[in-house]
There are 2 protein chains.
Amino acid sequence: MSRDARWKSLLELLVERGRLEVEEAAAELGVSAATIRRDFDQLAEQQMLVRTRGGAVVHGVSYELPLRYKTARRASEKQRIAKAVADLVAPGEAVGLTGGTTTTEVARALAVRGDLASGSPALTVVTNALNIANELAVRPQFKIVVTGGVARPQSYELIGPLADGVLGQITIDVAVLGVVAFDVTHGAAANDEAEAAINRLLCERAARVVVAADSSKLGGRAFARICPAESVDTLVTDSAAGKETVRRFEEAGIRVLTV
Amino acid sequence: MSRDARWKSLLELLVERGRLEVEEAAAELGVSAATIRRDFDQLAEQQMLVRTRGGAVVHGVSYELPLRYKTARRASEKQRIAKAVADLVAPGEAVGLTGGTTTTEVARALAVRGDLASGSPALTVVTNALNIANELAVRPQFKIVVTGGVARPQSYELIGPLADGVLGQITIDVAVLGVVAFDVTHGAAANDEAEAAINRLLCERAARVVVAADSSKLGGRAFARICPAESVDTLVTDSAAGKETVRRFEEAGIRVLTV
DNA sequence: GGCCAAATGCTTGATTCTGCTCGAAAATCA
DNA sequence: TGATTTTCGAGCAGAATCAAGCATTTGGCC
């Protein structure tokens with residue numbers, strides 16, 4: 001197991017449990033305790049965790065936010081969804097991407113789309129997600145516009161009033177929303193109200209709104225509402241979505257793509 | 001199999017799996033490990049992936065932040081300079097970082113500064129460099145403010161009027177400039193006029209201005225001027241800087257640190 | 001066909017990583 | 001306080017990986 005994979009696993013276990021012992025981690029990952037100690041020391045040097053005698057604890061008091069670091073769940077569904085979303089974008093358009101694992105996959109799918117390969121800015125991408133901007137920045141076929149703002153703690157999303165100001169100055173063709181819940185009556189929702197506010201603004205500036213959500217997100221609710229279902233034009237989800245669920249979305253006037 | 005086809009396959013496999021090992025890829029494509037290593041190196045140079053020992057990972061998901069990046073020229077000078085610059089920042093301050101390899105090292109040096117370890121936002125970092133924001137975003141000890149704007153082609157710097165608007169709303173304690181040339185009479189300069197404009201704005205919002213430049217940058221000129229030498233409070237450079245050069249900066253009222 | 005440049009594969013010396021051992025320091029318990 | 005146990009840190013050897021150089025092959029071009 002490479003060091004990258006080991007570090008990733010260690011951080012995952014750590015945010016999940018809050019604290020991790022050397023021997024415990026060594027047994028779990030199948031490496032020696034000495035290696036784990038070295039890993040802990042190196043991660044501690046980078047302030048990714050705090051060493052304790054015999055183990056390590058998460059840095060600071062943030063016992064929350066496990067999701068960003070989890071190995072993406074439902075990876076293959078997400079990739080299929082991402083591919084389908086990418087195909088909804090025409091060359092030359094301006095597309096807005098919110099943060100999240102699904103939208104990150106959309107960004108990657110856009111990056112490998114052959115018909116965008118050449119031509120100067122074949123696509124304009126507007127995003128408040130640092131990781132997406134960072135991945136696409138060096139590709140010559142993209143023009144990347146970043147909203148600015150304050151990074152949400154331990155996350156890659158930019159939020160806050162600074163971002164609002166920038167978004168007010170642009171319009172886009174299609175907004176792709178990564179959501180934590182999407183329902184006909186409750187609409188699309190995010191975990192954080194500031195995040196939801198940015199996403200809402202992005203929707204308002206867009207001619208078309210696409211929600212990318214695997215089937216586990218459908219029909220649920222979450223704390224911060226982004227927009228009502230009527231604002232959404234297209235939903236892309238996986239084929240595990242129930243027939244009844246799909247029908248209700250379609251009755252609400254939303255085009256549903258299942259992949 | 002041609003190199004193009006090989007690169008295409010490698011990137012496809014990489015996007016699909018997230019990470020790829022040298023031997024694994026060599027076996028899969030039927031070429032030698034040396035070729036794969038060269039391919040990985042070349043693709044990494046183009047920022048299409050991130051090299052790790054024994055393999056490569058998708059660009060953007062690596063935790064191996066400061067370790068693999070030893071490839072930059074004058075790496076050790078840059079790291080010493082970066083360390084010294086980081087020590088000029090007091091806990092709780094707001095520091096502005098422009099783009100560039102030297103300032104990226106400053107960001108990494110700040111990340112490993114022990115006295116910032118705890119306390120909520122121990123440091124506020126304002127930057128227009130996507131790579132810096134991305135690296136620091138997950139550290140709980142930093143509050144990251146991104147200027148927004150359009151990514152400069154093939155680079156990580158955000159530029160343009162959108163960034164101006166955001167910078168106008170904030171002030172910072174210390175601005176760290178990465179420059180391509182710095183001279184007593186010609187001032188500090190960058191390669192690109194839009195980049196210089198952002199850097200200038202950052203200076204104007206700062207109480208203190210620090211220029212981080214290795215000795216090869218001193219005494220030269222470059223296309224786009226950022227600010228006159230009088231605007232700079234401190235210059236941090238390496239000990240290879242000529243005595244006469246240093247003296248002239250000091251006579252201009254600039255504090256010079258050589259490391 | 002002959003030539004040149006680029007790409008590929010192989011070898012070698014150096015670097016890095018990992019696991020193990022041993023003495024020292026720290027924590028626990030009596 | 002003192003004894004015991006656990007953990008740490010450093011050093012070392014083996015294995016894996018890397019970088020560089022060199023020979024061979026491939027492919028284009030005249």
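Chain letters run A, B, ... following the sequence lines, proteins first and then strands; every chain starts at 1.
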S.K.: Within this structure, what is the CD-to-C1' distance between E23(A) and dT6(D), rounded to whole angstrom?
M.R.: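 Nearest whole value for this atom pair: 10 Å.
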S.K.: DNA chain C: R53(A) or S32(A), which has the more 5' nearest nucleotide?
M.R.: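 Upstream on the strand: S32(A).
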S.K.: For dT18(C) and T35(A) - does any side-chain N or O of the residue sit under 4.0 Å from the phosphate oxygens OP1/OP2?
M.R.: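 The answer is no; no side-chain N or O of T35(A) sits under 4.0 Å from OP1 or OP2.
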S.K.: Given 3.5 Å as the limit, does a donor-acceptor pair link the side chain of T124(A) with the main chain of K143(A), or not?
M.R.: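 No; zero donor-acceptor contacts below 3.5 Å.
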S.K.: Return the value, rounded to whole Å, for the distance between atom CZ of F40(B) and atom P of dA7(C).
M.R.: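 In whole Å, dA7(C) P and F40(B) CZ are 18 Å from each other.
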S.K.: Please state whether the base of dG9(C) and the side chain of R38(B) form at least one donor-acceptor pair under 3.5 Å?
M.R.: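 Answer is yes: a donor-acceptor pair is held.
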S.K.: So, is R3(B) close to the dA7(C) phosphate, meaning a side-chain N or O under 4.0 Å from OP1 or OP2?
M.R.: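 Affirmative; the distance criterion is met.
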S.K.: Rounded off to whole Å, could you give me the CG-to-C1' distance for the D41(B) and dT8(C) pair?
M.R.: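 Atom CG in D41(B) sits about 15 Å away from atom C1' in dT8(C).
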S.K.: In whole angstrom, give the distance that lies between atom CD1 of I36(A) and atom P of dT7(D).
M.R.: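 So the two atoms are 14 Å apart, to the nearest Å.
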S.K.: To the nearest Å, how far apart are W7(A) CH2 and dT18(C) P?
M.R.: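 Whole-Å distance recorded here is 10 Å.
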S.K.: Just how far, in rounded Å, is P of dT8(C) from CG of D4(B)?
M.R.: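 Whole-Å distance recorded here is 10 Å.
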S.K.: Scan S2(A) against the nucleic acid and name what it touches under 4.0 Å (heavy atoms): base, sugar-phosphate only, or nothing.
M.R.: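 No contact at all - S2(A) keeps every heavy atom at 4.0 Å or more from the nucleic acid.
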S.K.: Would you sort out whether R255(B) and D233(B) count as a salt bridge (charged side-chain N to carboxylate O under 4.0 Å, His left out), showing the intermediate values?
M.R.: CA-CA 6 Å; R255(B) 183 164 64 128; D233(B) 299 297; over 6 Å; no
S.K.: Of the candidate nucleotides dG9(C), dT18(C), dG9(D), which contains the atom at the shortest distance from the side chain of R51(A)?
M.R.: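 Of the options given, the side chain of R51(A) lies nearest dG9(D).
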S.K.: For R221(B), look at atom CZ and say whether over 12 heavy atoms of other residues, nucleotides or ligands are found less than 6.0 Å away.
M.R.: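 It does not: R221(B) CZ has 12 such atoms or fewer within range.
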S.K.: Verify whether one side chain among T35(B) and S32(B) offers a donor that lies under 3.5 Å from an acceptor in the other.
M.R.: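 Per modelled atom types, T35(B) and S32(B) side chains form a pair under 3.5 Å.
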S.K.: Tell me the interatomic distance from E21(B), atom CD, to dA16(D), atom P, rounded to whole angstroms.
M.R.: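 Interatomic distance, CD of E21(B) to P of dA16(D): 13 Å.
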S.K.: Could you tell me the separation between the CD atom of Q42(A) and the C1' atom of dT16(C), rounded to a whole number of Å?
M.R.: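 Going from Q42(A) (CD) to dT16(C) (C1'), I get 11 Å.
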S.K.: Taking N128(A) for the side chain and L158(A) for the main chain, is one N or O donor matched with an acceptor at less than 3.5 Å?
M.R.: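 Yes: the side chain of N128(A) pairs with the backbone of L158(A).
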